[in-house]
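To keep things clear, I will list the structure first and then write my remarks on it.
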Amino acid sequence: MLNALPPDLQSLLRAQERFEQIRQRWSRGPARHGADLAYANPYAGPPAEVKEAITSAMQSGRALSLQYTPYGGATIPRRHVAQDLRKKHELPYQWQDVVLTPGAMAGLNIVLRSLVAEGHSRRVLMPVPCWLDYPLYLQQQGLQSVPVSLQEDQHLDLGAIEEALHEDTAAVLLSQPGNPTGISYHEQELRALGVLLEQAEARHGHPILLISDECHRDFVEDASACPSAARFHPHAVMVYSFGKRWFIQGQRIGFVAVSPNMPQREDYRHLLTQLCRAMGFCTPTALMQNALIDLLAVNDDHAWLHQRRKEVARTLQQAGYSCKDPDGTFFLYPRVPEGMSDFAFCEQLAEQGVLVLPAAMFHDQDQVRLSLTDTDAAMNRALPILVQALSS
Ligand SMILES: Cc1ncc(COP(=O)(O)O)c(C=O)c1O
């Protein structure tokens, strides 16, 4: 063995690795014919128009259409993304504000690395529960993650955030809408967050970056109730992944969009493109960048998902689960039965055929995350097992 990850990083990998053992047992046994409600893998696959757009990009006769592209991405797809952002977010994005990345994971990492490059402030506040790998990335970059619990209603606890905003706070990192909660932060609370950040910036004399991970924003039923957090603070970036929007999560394309209101935004977006090179993340494949142009025109109507989310939430609530009605996302996040741990419940369900994720993976406890992206037939198999599990 040449080397091993340090213990603090190892411990952040542990919950997912423990779940992976459950998943492997599930996938080798008869239970795998149940339902996979763990990761958001869309079993029905991407829509036909999505596959057509990728195929047509592959067949392009243009010279160099499958060769290297500039760091930050090719200009034409960046222009299309900026135009899409201008339409949706009331901010005058230019194409240079959009840095194309191989998915949101790479986007998050270049943004976090940019905080280290600035040198002086190192704490990053993070409302929890949160997406599983935020603390891992922070730790890996030498930044300190400061978890700040959400309120009982799963909205931002602005009092706790205000208290946690210290002199060495470099950023606030949140997902909008929340993953795993599925709750959108509303305009009023984001506006209040923006005020807190501006006050803290004035107090401490340096910018505090608001990093808004908006990977799941297209799966919110009422987009107007899920404004981009980047609208409410000038030092803001949006991180996004097209993998979710078109159910092509393995194709690794996303972006970081720098707020048009950011002071010296030209320098910051240049830094991000330099980091794409320095960190070796480069750009998404040329194929996916070319496909983006047609993909942006694909109708992403997710009415089926909203319907399914409501029906499954209602069934679980009627069975006695404490389960909030999320505003969007693929997920439900119900409480586990009294006296049971999230991992124990997850193991019990896996033995009965239903794979779900324990809250420990989201730096939380006593809940499980259910993804609603398996087939209709699988959902129909899963529901009676979930209902029965609460009473048994
Ligand atoms: C909130 C959130 N952020 C980031 C990611 C990573 O996205 P990608 O796979 O596109 O890099 C995910 C994926 O599940 C996510 O849910």
Side-chain angles (χ1 to χ4, degrees), residues 12 15-16 19-20 23 36-42 46 50 73 81 98-113 124 126-138 140-141 145 147 150 154 171-185 210-220 226 228-230 237-257 276 279-285 288-289 291-292 295 300 302 305 326-333 356-357 359 361-364 369-373:
L12 287 168
Q16 193 271 346
F19 167 74
E20 188 52 23
R23 196 194 66 77
D36 178 3
L37 313 190
Y39 299 114
N41 285 315
V50 169
V81 174
V98 175
V99 175
L100 294 179
T101 57
M105 296 181 196
L108 285 164
N109 273 288
I110 59 166
V111 169
L112 295 178
R113 183 64 183 79
V124 177
M126 222 177 40
V128 285
C130 64
W131 184 61
L132 70 163
D133 283 344
Y134 292 159
L136 180 69
Y137 296 164
L138 288 165
Q140 164 68 13
Q141 306 272 1
S145 55
L150 291 172
Q154 296 176 338
V172 172
L173 166 58
L174 50 79
S175 48
Q176 164 73 327
N179 176 7
T181 63
I183 300 292
S184 306
Y185 305 124
L210 176 58
I211 308 166
S212 183
D213 173 352
E214 306 196 1
C215 281
H216 294 275
R217 63 165 313 106
D218 301 304
F219 300 93
V220 170
C226 183
S228 173
V237 291
M238 180 201 294
V239 176
Y240 183 85
S241 169
F242 289 107
K244 311 267 179 256
R245 175 150 160 199
W246 297 309
F247 298 142
I248 48 169
Q249 301 185 71
Q251 292 310 312
R252 317 306 307 143
I253 181 157
F255 62 80
V256 179
C276 287
M279 297 179 74
F281 287 123
C282 309
T283 54
T285 63
M288 288 313 299
Q289 292 186 56
L292 253 189
L295 284 170
D300 47 4
H302 302 301
L305 178 66
D327 302 305
T329 72
F330 306 124
F331 312 122
L332 292 175
Y333 194 50
V356 302
L357 292 183
M361 280 177 63
F362 305 100
H363 312 280
D364 195 17
R369 193 193 76 175
L370 317 183
S371 171
L372 305 173
T373 48

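We're numbering straight along the sequence, starting at 1. Numbering of ligands and ligand atoms starts at 1, following listing order. In what follows, every heavy atom counts, from backbone to side chain, and hydrogens, waters and symmetry copies are set aside.
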>> Working to the nearest 0.5 angstrom, can you tell me the gap between Tyr134 OH and Ile211 CD1?
In response: 9.0 Å
> Could you state the interatomic distance from OG (Ser175) to CZ (Arg217), rounded to the nearest 0.5 Å?
Replying inline: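 Those atoms lie 12.0 Å apart.
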Ligand 1 to [X] polar contact by distance, N or O atoms, under 3.5 Å:
X	answer
Ala104	yes
Met105	yes
Ser241	yes

Return the closest protein heavy atom for [atom] as residue, atom name and distance.
atom	value
atom 5 (C) of ligand 1	Trp131 CZ2, 3.5 Å
atom 3 (N) of ligand 1	Asp213 OD2, 2.5 Å
atom 14 (O) of ligand 1	Lys244 NZ, 2.9 Å

> Given Arg252, Gln249, Arg245, which has its nearest heavy atom closest to atom 8 (P) of ligand 1?
Replying inline: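 Going through Arg252, Gln249, Arg245 one by one, Arg252 has the nearest heavy atom to atom 8 (P) of ligand 1.
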> Is Thr329 close to Asn179 at the side-chain level, that is, under 4.5 Å between some pair of heavy atoms?
Replying inline: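 No; the side chains remain at least 4.5 Å from each other.
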>> For a 4.5 angstrom cut-off between non-hydrogen side-chain atoms, does Thr101 reach Thr283?
In response: no
> Phe247 vs Phe330 aromatic rings, parallel, tilted or perpendicular, using cut-offs 30° and 60°?
Replying inline: tilted
> Going by the atom numbers of ligand 1, which of them fall below 4.0 Å from some non-hydrogen atom of His216?
Replying inline: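 Matching atoms, with element in brackets: 1 (C), 15 (C), 16 (O).
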> Which of the atoms of ligand 1 are close to Gly103, meaning less than 4.0 Å from one of its heavy atoms?
Replying inline: 10 (O), 11 (O)
>> For Asp364 and Tyr333: C-alpha separation, side-chain torsions, deciding distance, then whether side chain to side chain donor-acceptor pair (under 3.5 Å) applies.
In response: CA-CA 11 Å; Asp364 195 17; Tyr333 194 50; 2.6 Å; yes
> Are the side chain of Gln176 and the backbone of Ser184 linked by a donor-acceptor contact shorter than 3.5 Å?
Replying inline: no
>> So for Cys215, does at least one of its heavy atoms come nearer than 4.0 angstrom to any atom of ligand 1?
In response: yes
